[in-house]
2 protein chains.
Amino acid sequence: MTSPAPFEPVRPVRLYQRIIEQIEDALASRTLRPGQRLPSERQLVAQFGASRSTVREALRVLESNGVIRSRPGDPNGPEILPFSSQALSKQLTRLARVDGVDLAELISFRMVLDGSANMLAARLRTDDELAAIEATIEAMRQTIDVGYQQFSEADVAFHEAIARVSRNSLIQVCNHVVRGVVLSLISDKIARSRNSKALMRESLRHHEEVLEAIRAGDGPAAARISRRNLYDYYAGYLPKADREPLLALLDPTD
Amino acid sequence: MTSPAPFEPVRPVRLYQRIIEQIEDALASRTLRPGQRLPSERQLVAQFGASRSTVREALRVLESNGVIRSRPGDPNGPEILPFSSQALSKQLTRLARVDGVDLAELISFRMVLDGSANMLAARLRTDDELAAIEATIEAMRQTIDVGYQQFSEADVAFHEAIARVSRNSLIQVCNHVVRGVVLSLISDKIARSRNSKALMRESLRHHEEVLEAIRAGDGPAAARISRRNLYDYYAGYLPKADREPLLALLDPTD
DNA sequence: CCTCAGGAACTGGTCTGACCAGTGGACTTC
DNA sequence: GAAGTCCACTGGTCAGACCAGTTCCTGAGG
């Protein structure tokens, strides 16, 4: 039962890795906080006792991870950034684009996240929050004659309002990220067809159904309806064989 | 309603960014594939017309993102890696550890993910897969007298089996990552108390309940039970005020 | 007093060239 | 054919230089 050879390969510790670790540790222990500045590269060279190349390699990694941002000419040094979903988004996008997580999984994931967000929203909402959500629906209704771009923006605002009410920023971030990835994957197919008013009207109706469930405080209904809507909206982009796992997220009492 | 200024700040394009883009594009277009090798750094210098420092900074970023791996002395050059969830996991961990997503949100997220995974598993499982899940439960039963460490390993195996059956690697990855983060956050409080056999037995009973629902193919029940179990398991670590949003994921018909 | 041009004194981005400790393969030697 | 040596090459690190750009101080001119 115990693992036969729990040995890990001993990889050589590289200097720039050590520098990254030290900076990340300082962040985790709140010694460094977002908004603060790191010393300039040349100062870091002195502090770490490494060459500038090495320090720079560490900084580039941190920058690509969204931890800091360097700007040329800024005498204050690299800025420590607050978390943004950008880095997370980048990884998820890469996962989808380069490594072939298929569209069905992404949509399935969205159905899970969005459904849960709506259930939480239905059960946790205050009257003020309900009003805020209704306002975004009204915005959708008004932009339906303006154009797809504007309609889509109002759509995003709706989902963001829901996510806020659901009191869970993780669901919010993941849902937002996955939504972006899905859209980028089907953007070529979506471009022309989505401009039709009929489809926008259908989308609006879907959103109104969810709103109704949220207004009624009926969590399971909100989850069920939103999942069904997502399925209706996206299933057309999937080959039939890929739809089965999605169907498992729909229907019966849940 | 239209966005007032949809302009993005023009950031200077850095050379190493261009190199990263070129390599990532080659990956996305399948010109480069996992398992293949990149030219050596000095060859890349010639191909890109940039200095070695610049090329190296690009390679370090790619390496930190889990795209490639460089080994000193390897005459074949950097290796292009298949996707691993490591990079994604890193970002989620950072989100949680450094940027103060609180424990309640993490647990809530786990309830959502685990519940959904169990629902999918209940509905999609084959008989073989059911047998595999039953085997991990049997392993838990046998390790309960051995020690917490072994029991915990069997526990992980159970959840991994479920995730596999759910046919969704995204849920799998996220759930696994979040589980790790949660455990690391409460590890100080968990250390002593969890060693008790009574608690392990309770955990085993919880898992058996979920298994029963999966065996019966009852998706909603599997989701409901697993969420309830997670709540029972973790709520004790939360202040009472933080439990309310979690309760919204439980109870009635859902 | 305020304004504004000029100029240090920095910043990060890039380049060159060098050295080192390893690796792997070819080449010699037995 | 096997064993040992050697060399070309790898990535990791270093030192030093230059450039374009920012910030800020300073001093001249209003």
Side-chain angles (χ1 to χ4, degrees), chain A residues 7-24 26-27 32 34-81 86-87, chain B residues 8-24 26-27 32 34-81 86:
Chain A
F7 300 126
E8 299 238 333
V10 181
R11 12 162 210 184
V13 178
R14 300 164 196 187
L15 277 191
Y16 67 82
Q17 286 285 3
R18 298 288 201 86
I19 294 177
I20 293 173
E21 282 168 21
Q22 285 201 40
I23 293 179
E24 282 188 337
L27 247 70
L32 289 175
Q36 290 183 351
R37 301 306 188 100
L38 239 42
S40 75
E41 292 183 0
R42 288 167 175 84
Q43 285 175 310
L44 289 173
V45 165
Q47 292 186 29
F48 285 115
S51 76
R52 199 165 153 224
S53 331
T54 305
V55 169
R56 272 184 65 81
E57 287 180 23
L59 292 182
R60 289 297 75 71
V61 170
L62 290 172
E63 188 163 28
S64 102
N65 286 350
V67 181
I68 63 169
R69 179 180 49 201
S70 288
R71 278 185 315 149
D74 186 344
N76 295 320
E79 181 181 1
I80 298 175
L81 299 176
Q86 190 197 345
Chain B
E8 299 236 336
V10 181
R11 38 182 175 159
V13 178
R14 300 164 193 182
L15 277 190
Y16 67 83
Q17 288 283 4
R18 299 285 202 87
I19 294 177
I20 294 173
E21 281 167 21
Q22 286 201 41
I23 294 179
E24 282 187 337
L27 248 71
L32 290 175
Q36 291 183 350
R37 301 306 187 102
L38 240 42
S40 74
E41 293 183 0
R42 288 169 176 83
Q43 286 175 311
L44 289 173
V45 165
Q47 293 188 27
F48 285 116
S51 75
R52 195 161 159 229
S53 334
T54 305
V55 168
R56 273 183 65 82
E57 287 180 22
L59 293 181
R60 290 296 74 70
V61 170
L62 289 172
E63 187 162 30
S64 103
N65 287 350
V67 180
I68 63 168
R69 180 180 48 202
S70 287
R71 278 184 317 147
D74 185 343
N76 295 319
E79 181 182 2
I80 298 174
L81 299 176
Q86 190 198 345

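A, B, ... follow the sequence lines: proteins, then strands. Residue 1 opens every chain.
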Exercise. Please state whether the base of dG11(D) and the side chain of Arg14(A) form at least one donor-acceptor pair under 3.5 Å?
Key: no

Quiz item: Is there a donor and acceptor pair, one atom on the side chain of Arg52(A) and one on the base of dG16(D), closer than 3.5 Å?
Solution: no

Quiz item: For dG12(C), does OP1 or OP2 lie under 4.0 Å from any side-chain N or O of Ser70(A)?
Solution: no

Quiz item: With respect to the phosphate group of dT14(C), does any side-chain polar atom (N or O) of Ser51(B) fall under 4.0 Å of OP1 or OP2?
Solution: no

Quiz prompt | SB check Glu57(A) Arg56(B) (cutoff 4.0 Å) | solution = yes

Quiz item: Between Tyr16(A) and Pro75(A), which is nearer to the 5' end of DNA chain D once each is assigned its nearest nucleotide?
Solution: Tyr16(A)

Practice problem: Between Asn76(A) and Thr54(A), name the one whose nearest nucleotide on DNA chain D is closer to the 5' end. | Solution: Thr54(A)

Quiz item: Side chain of Arg37(B), backbone of Gly77(B): donor and acceptor closer than 3.5 Å?
Solution: yes

Exercise. Considering non-hydrogen atoms only, spot the tightest contact between Pro39(B) and Pro78(B) and give its length.
Key: O-CD, 3.5 Å

Once you apply a heavy-atom cut-off of 4.0 Å, does [X] come out as touching a base, just sugar-phosphate, or nothing?
X: Arg37(A); answer: nothing
X: Arg56(A); answer: base
X: Arg69(B); answer: nothing

Exercise. Side chain of Glu41(B) only, please: which of dG12(D), dG12(C), dT10(D) is the nearest?
Key: dG12(D)

Quiz item: Of all the choices, dC18(D), dT10(D), dT13(D), which nucleotide is nearest to the side chain of Arg42(A) once you look at every atom?
Solution: dC18(D)

Exercise. Could you verify whether a donor N or O on one side chain and an acceptor N or O on the other, from Ser70(B) and Arg60(B), lie under 3.5 Å apart?
Key: yes

Quiz prompt | Nearest-Å distance for atom pair CZ/C1', residues Arg60(B) and dG11(D) | solution = 8 Å

Exercise. On DNA chain C, check which nucleotide each of Leu59(A) and Ser53(B) is closest to and give me the residue with the more 5' one.
Key: Leu59(A)

